[in-house]
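These notes concern the structure reproduced below.
Note that the numbering runs from 1 along the sequence shown for the chain. As the structure lists them, so they are numbered: ligands from 1, and atoms in each ligand from 1. We use all heavy atoms of the structure for the numbers below, so side chains are in, but hydrogens, waters and symmetry mates are not.
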Amino acid sequence: MTANKNKTLRLILGDQLNINHSWYKNVDDSVTFVMMEVRSETDYANHHIQKVIGFFAAMQQFAATLKALNHNVIYIYLNDQNNLQCFDKQCEALIIKHKFTHFEYQQPDEYRVDKHLQQFTESLKIIYKVLDTEHFYTEREELGNFFKGKKTYLMESFYRYMRKKHQVLVVNGDQPLHGQWNFDKDNREKLPKDNRPIAPLVFSNDVLQIEKEIKKAKLKTIGTVDAKNFIWPLNRVQSIELLHFFIEHCLPLFGTFQDAMVPDEWSLYHSRLSFSLNVKLISPKEVIDKAIAAYHAEPNKIQYNQLEGFVRQIIGWREYMRGIYWHKMPAYAEMNFFNHENKLPDWYWTGKTKMNCLKNAIQQSLQFAYAHHIQRLMITGNFALLAGVHPNEVDAWYLGIYIDAIDWVEITNTRGMSQFADGGIVGSKPYVSSATYINKMSSYCGTCYYNKAKKTGEKACPFNSLYWDFYDRNEDKLAKNPRIGMMYNVWRRMKPDDKAALLTQAAHYLKHINEL
Ligand code: FAD
Ligand code: DLZ
Ligand code: SF4
């Protein structure tokens with residue numbers, strides 16, 4: 001090869017597995033793609049073993065697909081001798097070794113990696129280019145521009161803007177189909193005893209070799225895996241199969257039981273598409289288009305409120321969280337509105353607690369690297385907030401434990417929606433509850449060691465006293481919030497002895513938090 005010939009190195013990150021990207025439209029022999037399993041990505045959190053395996057296996061399959069299409073691919077495995085274990089050093093070494101004249105990468109979704117690659121390219125002596133991932137509906141700054149000059153960041157306004165802009169469930173240009181933008185009030189019921197959700201579609205991927213390599217490298221991970229029968233989709237075919245399964249069997253009841261929680265039912269009517277979406281094996285547009293097409297084909301099978309609820313999660317919440325992330329980082333990662341300082345209880349890492357709701361949600365997370373939204377928000381998140389845990393500790397847990405956890409969507413949901421550490425950017429009030437809500441939405445309380453109806457005394461449910469303790473200790477920050485002022489009226493009207501007993505009970509529980 002002559003010295004003048006253009007040679008391009010293109011870096012593909014582990015969450016950029018979008019085969020429909022324009023990079024892959026034509027085979028070009030002057031282009032080489034590189035993918036790498038690196039310690040900079042495996043070690044920034046205490047990841048669930050299924051998360052690391054999921055990323056590596058999906059990356060390996062994606063590389064194989066590219067090779068089969070005749071693209072040039074360099075794949076660096078975790079234990080390869082020449083693995084320099086981070087993106088910049090590895091790319092630099094390849095550029096020198098193979099005399100690349102150009103370097104290209106797609107915009108990373110994570111602020112940390114974005115900065116890392118910016119610094120790398122600034123020092124590069126060759127030409128470089130940054131491209132869009134061609135995955136999301138929105139540009140990074142779109143939400144910031146949409147809310148420019150506004151005091152609040154209401155998801156509902158953004159959602160309506162998205163529906164109109166992309167003509168999703170819209171008629172006459174700017175009107176919502178069926179006359180209403182949001183059908184949430186028809187959703188969210190407890191699961192009746194006689195309703196048995198369909199068994200979740202799981203895959204049986206053999207990932208034993210990857211597990212072996214992870215063990216060999218002595219990666220620190222949490223959770224368990226059946227590496228002979230890895231349950232998560234690892235390629236586009238499996239992701240589309242999961243999407244079809246969801247539309248056929250779960251979408252008809254998705255909205256209705258979106259917030260329901262039942263022991264032993266880990267997936268209910270949820271899609272479990274978040275991993276496939278976040279690593280870009282499938283696109284939000286194709287998910288929404290297929291769901292909407294199924295509704296139009298069989299409107300008697302899929303009621304509109306179920307469809308609208310699902311579409312809102314993807315074109316609404318998912319794009320909204322991404323927009324908040326890019327608008328507010330890096331300051332977002334430092335926010336701690338309540339100045340919470342407590343440590344996360346040890347049993348978050350083991351599930352060994354007598355509280356049935358937490359035991360179920362945590363053990364399920366350790367087993368499957370998955371919990372559905374309301375378990376994350378109203379069980380593990382709720383308790384951490386009531387217990388005054390530092391948002392850094394809460395973030396570290398969520399970032400590690402879930403297969404779909406990537407900073408942009410984890411931190412906005414955890415620090416923002418769940419911990420209200422952003423002081424109300426994402427949510428208008430903190431998501432906290434006593435046992436009343438948990439009992440209303442789940443069947444955890446019936447078999448719990450604690451008594452859901454007791455606020456104080458032996459075996460009183462910890463949520464009940466911690467709930468009032470949370471409001472009491474944060475009165476200066478919350479009493480003026482119009483959505484919760486009412487709670488303070490209740491608190492103020494309570495008898496002084498009852499209030500004191502609740503606060504004493506909460507103090508006792510906080511002191512012995514690791515024994516709960
Ligand atoms: P479904 O219930 O089937 O919903 C469909 C899709 O909608 C999801 O796949 C997801 O892409 C999208 N979606 C739904 N809710 C949200 C939301 N609040 N924000 C963004 N997208 C949403 N989601 C992640 O993808 N990664 C995370 O790390 C993550 N961390 C979370 C932490 C906390 C504390 C909370 C409360 C929520 C978190 N979520 C996260 C959002 C949500 O819980 C998950 O997207 C969802 O549980 C994934 O399961 P599913 O695919 O079965 O979702
Ligand atoms: C999550 C993850 C893990 C565990 N390992 C890798 C890896 O070895 N190589 C890689 O390219 N990506 C990995 N990822 C995903 C990255 O963390 C993700 O691409 C960045 O955070 C950008 O969003
Ligand atoms: Fe959770 Fe309290 Fe219900 Fe037990 S009684 S399951 S701790 S809410």
Q | ligand 2 contacted by Gln16 (non-hydrogen, < 4.0 Å) | A | no
In the protein, which heavy atom is nearest to [atom], and how far is it?
{"atom": "atom 19 (N) of ligand 1", "result": "Asn413 ND2, 3.1 Å"}
{"atom": "atom 14 (N) of ligand 2", "result": "Phe55 CD2, 3.7 Å"}
{"atom": "atom 15 (N) of ligand 1", "result": "Gln313 OE1, 3.3 Å"}
{"atom": "atom 16 (C) of ligand 2", "result": "Glu41 OE1, 3.3 Å"}
{"atom": "atom 8 (O) of ligand 2", "result": "Val38 N, 2.9 Å"}
{"atom": "atom 28 (O) of ligand 1", "result": "Ala405 CA, 3.1 Å"}
{"atom": "atom 16 (C) of ligand 1", "result": "Trp317 CB, 4.0 Å"}
{"atom": "atom 23 (N) of ligand 1", "result": "Val409 CG2, 3.7 Å"}
{"atom": "atom 40 (C) of ligand 1", "result": "Arg376 NH1, 3.4 Å"}

For ligand 1, which atoms have a heavy atom of [X] less than 4.0 angstrom away?
{"X": "Arg272", "result": "50 (P), 51 (O), 52 (O)"}
{"X": "Phe254", "result": "1 (P), 2 (O), 3 (O)"}
{"X": "Leu377", "result": "36 (C)"}

Identify whether the distance between the nearest side-chain nitrogen and carboxylate oxygen of [X] and [Y] falls below 4.0 Å.
{"X": "Glu515", "Y": "Lys352", "value": "no"}
{"X": "Asp114", "Y": "Arg140", "value": "yes"}
{"X": "Arg376", "Y": "Asp404", "value": "yes"}

Report yes if the distance between the aromatic ring centroids of [X] and [Y] is under 6.0 Å, otherwise no.
{"X": "His372", "Y": "His270", "value": "yes"}
{"X": "His340", "Y": "Phe337", "value": "no"}
{"X": "Tyr161", "Y": "Tyr159", "value": "no"}

Just to be sure I'm reading this right: ignoring hydrogens, which of [options] gets closest to [atom]? Compare them by their nearest heavy atoms.
{"atom": "atom 8 (C) of ligand 1", "options": "Gly316, Ser274, Gly416, Cys250", "value": "Ser274"}
{"atom": "atom 43 (O) of ligand 1", "options": "Arg318, His373, Gln419", "value": "His373"}
{"atom": "atom 34 (C) of ligand 1", "options": "Tyr402, Tyr398, Trp408", "value": "Tyr398"}

Q) Who pairs with Glu213 by side-chain contact (heavy atoms from CB on, under 4.5 Å), at least two apart in sequence or on another chain? A)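 Counting only residues at least two positions away or on another chain, Glu213 forms a side-chain contact (heavy atoms from CB on, under 4.5 Å) with Asn79, Gln209, Lys216.
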Q: Would you verify whether the NZ or CZ of Arg272 falls within 45 degrees of the ring axis of Phe246 while also being under 6.0 Å from that six-membered ring's centre?
A: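 So Arg272 doesn't make the cation-pi contact.
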Q. Do Lys459 and Tyr450 meet the cation-pi criteria used here (NZ or CZ under 6.0 Å from the six-membered ring centre, within 45° of the axis)?
A. no
Q | Residues in salt bridge (Lys or Arg N to Asp or Glu O under 4.0 Å) contact with Arg188, at least two apart in sequence or another chain | A | Asp184, Asp259
Indicate the ring-plane relationship of [X] and [Y], choosing parallel, tilted or perpendicular according to the 30° and 60° boundaries.
{"X": "Tyr467", "Y": "Tyr471", "result": "perpendicular"}
{"X": "Phe275", "Y": "Phe55", "result": "perpendicular"}
{"X": "Trp232", "Y": "Tyr370", "result": "tilted"}
{"X": "Trp266", "Y": "Phe368", "result": "parallel"}
{"X": "Trp326", "Y": "Tyr111", "result": "tilted"}
{"X": "His512", "Y": "His508", "result": "tilted"}

Counting from 1, what ligand 2 atoms have a heavy atom of [X] closer than 4.0 Å?
{"X": "Met36", "value": "7 (C), 8 (O), 9 (N), 10 (C), 11 (O)"}
{"X": "Asp109", "value": "23 (O)"}
{"X": "Leu13", "value": "11 (O), 19 (O)"}

With only distance considered, is [X] within less than 3.5 Å of ligand 1 through an N or O on each side?
{"X": "His372", "answer": "no"}
{"X": "Thr414", "answer": "no"}
{"X": "Ser418", "answer": "no"}
{"X": "Phe310", "answer": "no"}

[X] N/O to ligand 2 N/O under 3.5 Å:
{"X": "Pro108", "answer": "no"}
{"X": "Glu110", "answer": "yes"}
{"X": "Gly14", "answer": "yes"}
{"X": "Asp15", "answer": "yes"}

Q) Any idea which part of Trp408 is under 4.0 Å from ligand 2, heavy-atom wise: side chain, backbone, both or neither? A) neither
Q | Amino acids contacting ligand 3, non-hydrogen cut-off under 4.0 Å | A |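 Contacts of ligand 3 under 4.0 Å: Met355, Asn356, Cys357, Ala435, Ile438, Tyr444, Cys445, Cys448, Tyr450, Lys452, Cys461, Phe463.
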Please work out, at 4.0 Å between heavy atoms, whether the side chain, the backbone, both, or neither of [X] comes within that distance of ligand 1.
{"X": "Ala371", "result": "backbone"}
{"X": "Asn278", "result": "side chain"}
{"X": "Leu277", "result": "side chain"}
{"X": "Met321", "result": "side chain"}

(Q) Taking side chain to side chain contact (heavy atoms under 4.5 Å, CB included) as the criterion, tell me which of Ile406, Asn278, Thr133 meets it with Asp15. (A) Ile406
Q: Would you please name every residue forming a ring-ring contact (aromatic ring centres under 6.0 Å, His included) with Phe257, sequence neighbours left out?
A: Tyr269
Q | Candidates Trp408, Tyr325, Tyr320 - the one meeting ring pair (Phe, Tyr, Trp, His ring centres under 6.0 Å) with Phe136 | A |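 Only match with Phe136 under ring pair (Phe, Tyr, Trp, His ring centres under 6.0 Å): Trp408.
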